[in-house]
Amino acid sequence: ITHDNDVYIAGEVTHVQCAAAAPTRQYRVSKLAGATGAVDTSFDVRVGGGKVWALAIPPDGSRLYLGGFFAAVNGAPNTNWFAAVDLATGRNVIPNPDPHGNRDWVFDLAATNDHVYVAGENHRMWVHRASDLNLDRYYITNGYGGDYQALSLDGDRLITGGHFHGWEQEYNTETRGTVPNPQFGQVQWVSAWDTTTARPTFGFTPRLNMSEGVWALMTDSAGKRWVG
């Protein structure tokens, strides 16, 4: 992922080497100069265990979100699998509250200035408030179920992809039950969300002939959405 003139990479990274320079020890995430590929050693984020599968930066460039299957970020509590760090230093921006222990592997992330969308295991999409990282609400795919695995922002629309086939149902974070007059929206492999409300746009149900689900999404310069 890029921001200004910098490139952020993640995975199971342990060392990064630029041209003839010596390898630099890194801890799952690294910040590189876009022009030269040189490692920015002032960016010092340390992800313990596992791997980082997803990165996201909101439009205001206020922070870098990390998601994946890891134990902790910079040794801070409640940073397993999802955390926010400073773009310049890699230090944790704010703690990640987790009132219900409701966290699973994270496959992808998308961020606006107001919300962070966390796509993960157990058929869930978590919607966190950017201001304090508290969980606002979450959605579960029912019917044939399936996980959310890919996210793509396009203006005020978020496209989600996964191996779900059925409907999306909103859950209340306080009661861990369905919201009053629960909303259901039919989905098949992809769905659309309105980022101004941070909720699904029901009725977006393209019919895709596949059996394994969606792992990648993009919108090209002509406005066409590609699904893979």
Side-chain angles (χ1 to χ4, degrees), residues 1-11 29-37 52-68 82 84 87 106-120 123-128 130 136 138-139 141 143-170 183-228:
I1 190 170
T2 62
H3 178 70
D4 291 339
N5 297 318
D6 299 313
V7 178
Y8 296 83
I9 63 173
V29 183
S30 187
K31 179 182 178 182
L32 312 177
T36 65
V52 177
W53 284 332
L55 300 173
I57 299 173
D60 62 12
S62 59
R63 60 193 67 169
L64 174 69
Y65 295 105
L66 285 63
F82 172 58
L87 280 171
V106 174
F107 296 126
D108 206 359
L109 297 168
T112 67
N113 293 336
D114 298 319
H115 291 93
V116 192
Y117 302 87
V118 182
H123 309 184
R124 301 189 184 198
M125 170 84 85
W126 299 275
V127 182
H128 290 260
D136 198 356
Y138 65 97
Y139 288 77
T141 59
Y144 291 99
D147 297 332
Y148 293 92
Q149 296 161 176
L151 304 177
S152 176
L153 280 170
D154 178 22
D156 61 2
R157 176 164 284 197
L158 173 71
I159 306 300
T160 78
H163 62 275
F164 46 78
H165 186 181
W167 61 87
E168 292 172 309
Q169 182 176 359
E170 181 177 325
Q183 300 183 70
F184 295 91
Q186 184 181 4
V187 290
Q188 181 180 346
W189 313 127
V190 295
S191 68
W193 293 49
D194 182 350
T195 61
T196 63
T197 62
R199 282 184 162 87
T201 302
F202 298 137
F204 181 84
T205 55
R207 310 300 290 181
L208 302 177
N209 184 16
M210 58 175 65
S211 60
E212 299 301 325
V214 175
W215 286 96
L217 296 162
M218 70 163 288
T219 302
D220 66 19
S221 58
K224 294 181 180 179
R225 294 190 173 92
W226 295 81
V227 178

Distance from Thr195 atom OG1 to Asp114 atom CG, nearest 0.5 Å?
8.5 Å

Measure across Arg199 and Tyr139 and return the closest heavy-atom pair with its distance rounded to 0.1 Å.
CG-OH, 3.1 Å

Quick check for you: to the nearest 0.5 Å, what is the distance between His3 atom NE2 and Leu55 atom CG?
13.5 Å

Residue list, ring-ring contact (aromatic ring centres under 6.0 Å, His included) with Phe164, at least two apart or on another chain
Tyr148

When rounded to the nearest 0.5 angstrom, what distance separates CG in Asp194 from CG in Leu158?
10.0 Å

For Asp60, look at atom CG and say whether over 12 heavy atoms of other residues, nucleotides or ligands are found less than 6.0 Å away.
yes

Those residues at least two apart in sequence (or on a different chain) that pass side-chain hydrogen bond (donor to acceptor under 3.5 Å, both in side chains) with Ser191 are Thr160, Glu168, Trp193

Locate the shortest heavy-atom distance separating Asp108 from Gln149; write the atom from each residue and the value.
CB-O, 3.7 Å

Closest heavy-atom pair and its distance - Leu87, Gly61:
CD1-O, 2.9 Å

Minimal non-hydrogen separation, Tyr65 against Pro58, with atom names
CE1-CD, 3.8 Å

For Asp154, check salt bridge (Lys or Arg N to Asp or Glu O under 4.0 Å) against everything at least two apart and list the hits.
Arg225

Name of the residue among Tyr138, Phe82, Tyr117 meeting ring pair (Phe, Tyr, Trp, His ring centres under 6.0 Å) with His128
Phe82

Over all heavy atoms of both residues, which pair between Ala130 and Arg63 is shortest? Give the atoms and the distance, please.
O-NH1, 2.8 Å

ring-ring contact (aromatic ring centres under 6.0 Å, His included) partners of His165, counting only residues at least two apart:
Tyr144, Trp189

Asp6 meets the side chain to side chain contact (heavy atoms under 4.5 Å, CB included) criterion, sequence neighbours left out, with Tyr8, Lys31

Supply the atom-to-atom distance Glu170 CD to Asp136 CG, rounded to the nearest 0.5 angstrom.
8.5 Å

Residues in side-chain hydrogen bond (donor to acceptor under 3.5 Å, both in side chains) contact with Asp220, at least two apart in sequence or another chain
Trp226

How long is the gap from CE on Met125 to CG on Asp147, to the nearest 0.5 Å?
11.5 Å

Quick one, Ile159 and Leu151 - any side-chain contact, counting heavy atoms below 4.5 Å?
no

Nearest atoms (heavy-atom pairs only) where Ala56 meets Leu109
CB-CB, 3.8 Å

